[in-house]
**Q** 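First the structure, then my questions, so here it is.
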Amino acid sequence: MNALTLAEAAALWRGILAHTTHTIEYVPPDTAWGRIAAADICAAHPYPPYRKSPFDGYALCLNGKERSYEVVATIGAGEHYDEPVLPGQAVRLMTGCAVPRSCQAVVMQEAVRRQGKRIELTTIPLPEDNIIPIGEECLSGEVLLSQGTYLTSGAVSVAVAMGNTAIPVYKDVRVLLVTSGRELVMAGQERQYGQIYNSNAYLFQQLLRNEGIRSAAFCHVSDAPERLASEIERVRELAADADLILSTGGVSVGLYDTMPQLFQHLGARELYRRIAMRPGSASYGGLIERKGGNAVPVLGLSGNPSAAFNAFHLLAVPVLRQLRGEKRGDFPVVTCRLNGNLTKENPVDRFVQGRLSFAQGQPVFTPNHVVTSSALLGLKAANALALRPKHSPPLTNGAEVPVLLLRRI
Ligand SMILES: Nc1nc2c(c(=O)[nH]1)N[C@H]1C(S)=C(S)[C@@H](COP(=O)(O)OP(=O)(O)OC[C@H]3O[C@@H](n4cnc5c(N)ncnc54)[C@H](O)[C@@H]3O)O[C@H]1N2
Ligand code: MOO
């Protein structure tokens with residue numbers, strides 16, 4: 001059986017996906033969240049675009065050491081006052097207002113005494129005091145978000161703030177998610193003895209959303225031999241417009257582990273059948289060539305929940321990010337103090353599931369209570385994987401351990 005290390009599999013996918021053709025489309029900002037910038041997104045104007053007041057107060061046309069000013073106008077944010085303001089005159093203005101051109105400083109309203117149309121300053125400001133200059137944060141034409149950036153809500157807000165109305169993004173990747181096994185029932189269905197809920201379907205759908213995939217096509221196959229032919233046809237139809245096929249379960253050596261067979265019928269060329277890591281070693285990789293289009297990666301991940309979670313992050317996320325055109329898609333590695341013991345032998349690379357948290361400001365890794373492939377309950381809080389390379393020694397409480405944080409930072 002063809003087993004690769006995780007590094008070998010990752011390099012194999014990187015090489016294959018380097019040939020991916022990405023299509024650009026322009027979308028309204030409210031649909032850009034989670035998409036990947038398909039071009040550098042630039043500022044259409046400087047920021048701020050005008051001399052801006054950070055306070056509710058008064059803009060002054062300075063008049064030497066004079067403390068008494070005449071208030072000649074009042075403006076709110078969005079309004080502007082274009083009449084000349086003479087030395088000794090002031091304009092009452094609100095936070096965010098454009099400071100009138102002939103004013104040199106702003107004073108907060110708390111720093112003046114107002115009487116009728118006049119104000120009395122408690123201190124005399126210097127020129128440019130309390131005025132945010134044009135272009136303090138960026139100049140017109142500056143690159144705000146480079147091509148390949150994952151668009152967070154903050155990134156989208158910046159693009160909008162800087163005058164971008166149509167956001168260039170890569171056409172989204174269509175994912176087909178397949179689960180397998182007669183023992184599985186969906187939430188809300190009646191569970192018979194010997195059956196369990198199809199929790200991976202819900203796990204993967206949300207993990208895909210975290211990656212910006214709003215909705216994935218979903219299909220469950222029973223793994224019953226007598227249904228294989230019809231199920232292959234059903235998956236074939238759904239797979240016709242998929243850019244990535246992701247499955248969980250049915251990839252090991254059991255009699256009913258029929259996913260590799262199913263993938264073969266879809267025209268997949270097998271790349272590997274096993275990854276030298278724990279958990280998640282039961283893992284299929286394949287590729288379906290498409291005439292005139294990108295080849296479709298097929299990732300058949302283990303059905304065991306913990307193994308599936310690990311393999312999703314370690315194998316599927318890098319593939320998905322590259323397919324979507326994201327640059328810099330790696331998870332960060334954080335050196336943590338171990339809160340617990342990692343005593344298992346490591347005959348192959350091991351990725352121990354657990355939670356990264358902080359104690360007195362220092363990162364701490366707490367392994368899940370049960371760390372087998374089939375473990376389930378640790379998933380409720382797992383956000384990290386401790387890296388235990390092949391042949392690395394056991395670690396005890398308090399030791400330093402490198403940890404992959406399964407989050408974008
Ligand atoms: N004789 C051998 N048996 C097994 C081997 C082996 O090398 N020789 N490998 C073991 C390893 S390691 C793993 S991991 C599992 C992987 O099995 P599959 O990926 O084929 O998955 P299934 O057999 O379909 O299911 C395994 C386990 O997970 C449960 N499952 C499956 N799908 C879901 C789902 N969508 N939601 C929740 N739980 C799911 C399933 O009921 C099984 O309990 O094989 C070992 N066996
Ligand atoms: O593939 Mo299994 O998850 O190694 O444990």
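Atoms within each ligand, like the ligands themselves, are counted from 1 in listed order.
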**Q** Mind checking whether Ala282 contacts ligand 1 via backbone (N, CA, C, O), side chain (CB onward), both or neither, at a 4.0 Å heavy-atom cut-off?
**A**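 For Ala282, only side-chain atoms sit under 4.0 Å from ligand 1.
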**Q** For Arg209 and Gln206, test the side chains for any donor-to-acceptor distance below 3.5 angstrom and give the result as yes or no.
**A**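 Short answer, yes.
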**Q** Test your reading of the structure: does Asn304 have an N or O sitting under 3.5 Å from an N or O of ligand 1?
**A**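 Yes; at least one N/O pair falls below 3.5 Å.
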**Q** Does an N or O from Pro279, backbone or side chain, lie closer than 3.5 Å to an N or O of ligand 2?
**A**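 Such a contact does not occur with ligand 2.
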**Q** List ligand 1 atoms under 4.0 Å from Ile196, heavy atoms only on the residue side.
**A**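 So the answer, numbered in order with elements, is 38 (N), 41 (O).
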**Q** Using a 4.0 Å cut-off to any heavy atom of Asp257, which atoms of ligand 1 qualify?
**A**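 Per the distance check, 20 (O), 23 (O).
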**Q** Run the contact test for Arg278 against ligand 1 with a 4.0 Å cut-off on heavy atoms, strictly below, and give the result.
**A**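 It does, in that a heavy atom of Arg278 comes within the 4.0 Å cut-off of ligand 1.
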**Q** Considering only protein heavy atoms, which is closest to atom 14 (S) of ligand 1, and at what distance to one decimal place?
**A**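 Checking every protein heavy atom, the shortest distance to atom 14 (S) of ligand 1 gives Ser302 OG, 3.1 Å.
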**Q** Please state whether the rings of His22 and Tyr170 are parallel, tilted or perpendicular, taking 30° and 60° as the class boundaries.
**A**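 The arrangement is tilted - the two ring planes meet at 30° to 60°.
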**Q** Could you check atom 4 (O) of ligand 2 against the protein and tell me its nearest heavy-atom contact, residue, atom and distance included?
**A**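 I find the closest protein heavy atom is Ser281 OG, 2.6 Å.
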**Q** If hydrogens are left out, which of Gly280, Ser281, Ser252 has an atom nearest to atom 44 (O) of ligand 1, that is, the closest non-hydrogen atom?
**A**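 Checking each option, the heavy atom nearest atom 44 (O) of ligand 1 is found in Ser252.
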**Q** Can you list the ligand 1 atoms lying under 4.0 Å from a non-hydrogen atom of Glu183?
**A**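 Listed by number with element: 31 (C), 40 (C), 41 (O).
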**Q** So is Gly303 polar-close to ligand 1, meaning N/O to N/O under 3.5 Å?
**A**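 There is such a contact, yes.
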**Q** Look only at interatomic distance and state if Thr179 has a nitrogen or oxygen under 3.5 Å from any nitrogen or oxygen of ligand 1.
**A**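 No, no N or O pair falls under 3.5 Å.
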**Q** Supply the atom-to-atom distance Thr372 OG1 to Arg278 CZ, rounded to the nearest 0.5 angstrom.
**A**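 Those atoms lie 10.0 Å apart.
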**Q** Decide if the gap between the ring center of Tyr284 and the ring center of Tyr272 is smaller than 6.0 angstrom.
**A**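 Aromatic pair excluded; centres sit 6.0 Å or further apart.
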**Q** Below 4.0 Å, non-hydrogen atoms only: which portion of Arg182 touches ligand 1? Side chain, backbone, both or neither.
**A**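 Answer for Arg182: neither.
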**Q** Taking only heavy atoms of Val251, which atoms of ligand 1 are found under 4.0 Å from at least one of them?
**A**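 Near Val251, meaning under 4.0 Å from one of its heavy atoms, ligand 1 has 18 (P), 19 (O), 20 (O).
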**Q** As an exercise, identify every atom of ligand 1 less than 4.0 angstrom from a heavy atom of Gly250.
**A**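 Those of ligand 1 that fall under 4.0 Å from Gly250 are 18 (P), 19 (O), 20 (O), 21 (O), 22 (P), 24 (O).
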**Q** If you count every heavy atom of other residues, nucleotides or ligands that lies below 6.0 Å from Glu226 atom CD, does the total exceed 12?
**A**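 For Glu226, atom CD is crowded (more than 12 foreign heavy atoms under 6.0 Å).
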**Q** Compute the ring centroids of Tyr58 and Tyr69, then answer whether they are less than 6.0 Å apart.
**A**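 No.
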**Q** Test your reading of the structure: does Ala307 have an N or O sitting under 3.5 Å from an N or O of ligand 2?
**A**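 No, there is no polar N/O contact under 3.5 Å.
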**Q** Please state whether Met186 comes within less than 4.0 angstrom of ligand 1, counting heavy atoms only.
**A**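 Not so, Met186 does not reach ligand 1.
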**Q** Is there any salt bridge (Lys or Arg N to Asp or Glu O under 4.0 Å) pair reaching into residues 173-189, and which pairs are they, with sequence neighbours excluded?
**A**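 Non-adjacent pairs meeting salt bridge (Lys or Arg N to Asp or Glu O under 4.0 Å): Arg174-Asp243, Arg182-Asp223.
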**Q** Within the 4.0 Å heavy-atom shell around Tyr197, which atoms of ligand 1 are there?
**A**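 The list of qualifying atoms is 36 (N), 37 (C).
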**Q** Please state whether the rings of Phe312 and Phe204 are parallel, tilted or perpendicular, taking 30° and 60° as the class boundaries.
**A**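 Taking Phe204 first and then Phe312, their aromatic rings sit tilted (interplane angle of 30° to 60°).
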**Q** Within a distance under 4.0 Å of any heavy atom of Ala282, pick out the atoms of ligand 2 and give their elements.
**A**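 Counting from 1, the qualifying ligand atoms are 1 (O).
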**Q** Test of understanding: given a 4.0 Å heavy-atom threshold, classify the contact between Asn198 and ligand 1 as side chain, backbone, both, or neither.
**A**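 The part of Asn198 near ligand 1 is both the backbone and the side chain.
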